[in-house]
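Written below as structure tokens is the structure these notes are about.
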Amino acid sequence: MSSETHSTFKLWRKPSLIWLGLLLLLAISVGSAYIPLGPGNGAINYGVAVTKAALVLVFFMHLDRSRALIRLAALAGLFWLGFMFALSLSDYLTRDWNGSATTLAPAKKDLATHERGDFPKDRLPLAPQFGSRD
Amino acid sequence: MSDASPLLREPWPSLERQKVAVSFGMWVFIASEVLFFGGLFLAYTVYRHLDAEAFKAAARETEVFYGATNTAVLLTSSLTMAMAVKASEEGLRRMTLWCLGTTAALGLAFLVIKGFEYHSDLEKGLWPGPDFPLHPAATQLFWAFYWIATGIHAVHLTVGIGIVTVIAVQLKRGTLPVEATRFEGVALYWHLVDTIWIFLLPMLYLVGRA
């Protein structure tokens with residue numbers, strides 16, 4: 001009986017520690033969200049989310065003891081997800097296609113020298129609909 | 001060899017190969033799910049970027065208490081699901097049953113809490129359309145994402161609760177042996193649903209709080 005209890009305890013030990021870690025990370029992300037840190041808030045929130053997901057994937061989903069085939073299948077999804085985000089954001093973050101500023105490109109009005117001759121300013125196809133957002 | 005095992009199914013030559021196939025097939029499905037939710041998350045990222053202030057104003061209206069509580073509930077359900085697999089590997093039938101039952105119950109608890117949250121959201125009129133209470137108009141983009149993302153997640157969770165309940169009943173009736181290979185596949189799906197919620201928490205509840 002006592003050896004059975006002991007083995008049950010051993011079975012629960014590691015997963016319980018990971019669970020406690022996950023709850024601690026949850027507390028960190030919710031708590032830090034109320035402290036004004038500027039861009040740091042987003043960095044902490046998404047950093048914590050990635051860490052939590054990694055804990056679940058590696059330990060609960062057993063990537064730590066899976067064979068190479070399984071790990072490759074798991075990575076394949078993340079690989080193509082990376083492509084989707086990288087290629088899409090390289091467009092949205094750098095092109096002022098809707099006439100407003102982006103992180104990596106200033107607003108259209110500051111870019112007068114870049115305006116293309118074949119689209120006079122008053123005939124920009126997208127600007128009237130999407131230029132002002134309210 | 002284990003070829004004579006009653007657990008072995010066509011077309012697998014051995015139980016070991018069958019186990020790998022369960023995990024491999026499930027991970028391929030999970031990769032497709034990652035890209036499915038990834039498309040939604042990408043749309044969120046783009047609109048959050050284009051309308052940063054509107055998204056902050058809109059996200060301040062979500063119920064962070066319900067969101068955080070539900071995260072804790074799902075993380076705990078992942079623990080009991082992982083323990084169900086461990087127990088089944090050890091041949092501990094009663095513990096497997098107990099863990100599966102707790103997992104399904106925690107999944108249901110999530111849906112009940114989500115129901116209270118939806119009720120509160122609707123009382124505040126946060127359903128995109130005419131007379132939407134928030135401004136600027138782009139706040140409706142955030143709330144459209146909120147309803148779609150949490151709705152699809154809830155559908156996934158409901159499916160998970162159903163599957164966990166079915167294998168628990170099969171195990172209880174004795175039609176499914178405790179060493180069956182399908183526990184791992186079900187667990188992988190359950191953890192996927194948990195992982196998606198892990199990312200929805202900062203996207204929906206923790207924006208613009210500081």
Side-chain angles (χ1 to χ4, degrees), chain A residues 7-8 11-12 14-16 18-19 22-23 25-27 29-30 32-38 40-42 44-46 48-50 52-53 56-57 59-63 66-67 69-81 84-85 88-89 91-93 98 100 102-103 130 133-134, chain B residues 20 23-28 30-35 37-39 41-43 45-46 49-51 54 64 67-68 71-72 75-76 78-83 85-87 89-90 92 95 135-138 184 187-188 190-192 194-196 198-203 205-210:
Chain A
S7 71
T8 307
L11 218 55
W12 279 89
K14 193 174 146 195
S16 301
I18 292 159
W19 172 71
L22 287 167
L23 289 187
L25 286 166
L26 167 63
S29 68
V30 173
S32 72
Y34 288 88
I35 306 167
L37 298 168
N41 284 115
I44 292 177
N45 279 335
Y46 291 104
V48 165
V50 169
K52 274 153 80 184
V56 172
L57 259 68
F59 295 110
F60 285 169
M61 294 168 93
H62 302 139
L63 286 182
S66 296
R67 53 174 71 200
L69 175 73
I70 307 293
R71 288 179 185 170
L72 274 175
L75 280 176
L78 297 178
F79 180 74
W80 292 111
L81 184 73
M84 185 163 74
F85 268 77
S88 305
L89 294 182
D91 205 18
Y92 279 103
L93 299 188
N98 71 340
S100 62
T102 73
T103 307
F130 294 104
R133 315 189 133 252
D134 259 26
Chain B
V20 174
S23 295
F24 180 65
M26 209 56 212
W27 273 108
V28 169
I30 287 170
S32 77
E33 285 276 51
V34 164
L35 290 174
F37 279 96
F41 289 6
L42 176 65
T45 309
V46 167
H49 176 75
L50 293 175
D51 291 291
V64 72
T71 310
L75 289 174
T76 309
S78 259
L79 170 71
T80 55
M81 189 75 237
M83 288 314 297
V85 173
K86 267 190 178 264
E89 285 170 353
E90 300 284 324
L92 302 169
M95 184 171 154
H135 299 280
E184 172 74 2
L188 286 175
W190 191 272
H191 296 311
L192 163 78
D194 183 18
T195 307
I196 289 161
I198 285 175
F199 285 99
L200 283 176
L201 173 80
M203 294 167 84
Y205 298 94
L206 305 180
V207 181
R209 299 284 170 184

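Quantities reported herein were computed from a predicted structural model and do not represent experimental measurements. Note on naming: letters A, B, ... go to the chains in the order of the sequence lines (proteins, then strands), and numbering restarts at 1 for each one.
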Top contributor to chain A interface from B:D194, B:L201, B:T76, B:I196 [non-hydrogen pairs under 4.5 Å]: B:T76

Taking every non-hydrogen atom, the tightest pair across B:L35 and A:G77: CD2-O, 4.0 Å

Side chains of B:M203 and A:N45 in contact at under 4.5 Å (non-hydrogen atoms): no

Shortest non-hydrogen contact from B:L192 toward A:M61: N-CE, 4.1 Å

From OH (A:Y34) to CZ (B:R209), nearest 0.5 Å: 4.5 Å

Proximal component of A:V30, with respect to chain B [non-hydrogen, under 4.5 Å]: both

Shortest non-hydrogen separation from B:F41 to A:F85 and the atoms involved: C-CZ, 3.8 Å

Per-residue contact mode, B:H191 against chain A (heavy atom under 4.5 angstrom): both

Partner chain B: residue of A:G42, A:P36, A:A76, A:S66 with the largest heavy-atom pair count (under 4.5 Å): A:P36

Option in A:A73, A:A33, A:S88 with maximal non-hydrogen atom pairs under 4.5 Å from chain B: A:A33

Nearest-0.5 Å distance, CG of residue A:L22 to CG of residue B:L75: 5.0 Å

Closest approach of A:L81 to B:G38 (non-hydrogen atoms, all atoms of both residues): CD1-CA, 3.5 Å

Distance in Å, B:M95 CE paired with A:L11 CG, rounded so as to fall on 0.5 Å steps: 4.5 Å

Portion of A:V50 that has a non-hydrogen atom of chain B nearer than 4.5 angstrom: both

pair A:L75-B:W27: side-chain heavy atoms closer than 4.5 Å: no

Under 4.5 Å from any heavy atom of chain A - which part of B:V85: side chain

Toward chain A, the part of B:I30 with a non-hydrogen atom under 4.5 Å: side chain

Contact summary for B:T195 and A:A53, nearest pair of heavy atoms: CG2-CB, 3.7 Å

From A:T8 atom OG1 to B:K86 atom NZ, the distance as rounded to the nearest 0.5 Å: 12.0 Å

Closest non-hydrogen atom pair between A:N41 and B:A210, with its separation: OD1-CB, 3.7 Å

Segment of A:I44 engaging chain B (4.5 angstrom heavy-atom cut-off): neither

Test log, rule side chain to side chain contact (heavy atoms under 4.5 Å, CB included), inputs B:L188 and A:H62: CA-CA 9 Å; B:L188 286 175; A:H62 302 139; 5.8 Å; no

Reported CH2-to-CE distance for the pair A:W12 and B:M83, which is rounded to 0.5 angstrom: 5.0 Å

Separation of A:Y46 OH from B:F199 CZ (nearest 0.5 Å): 9.5 Å

Region of A:W80 that comes under 4.5 Å of a non-hydrogen atom in chain B: both

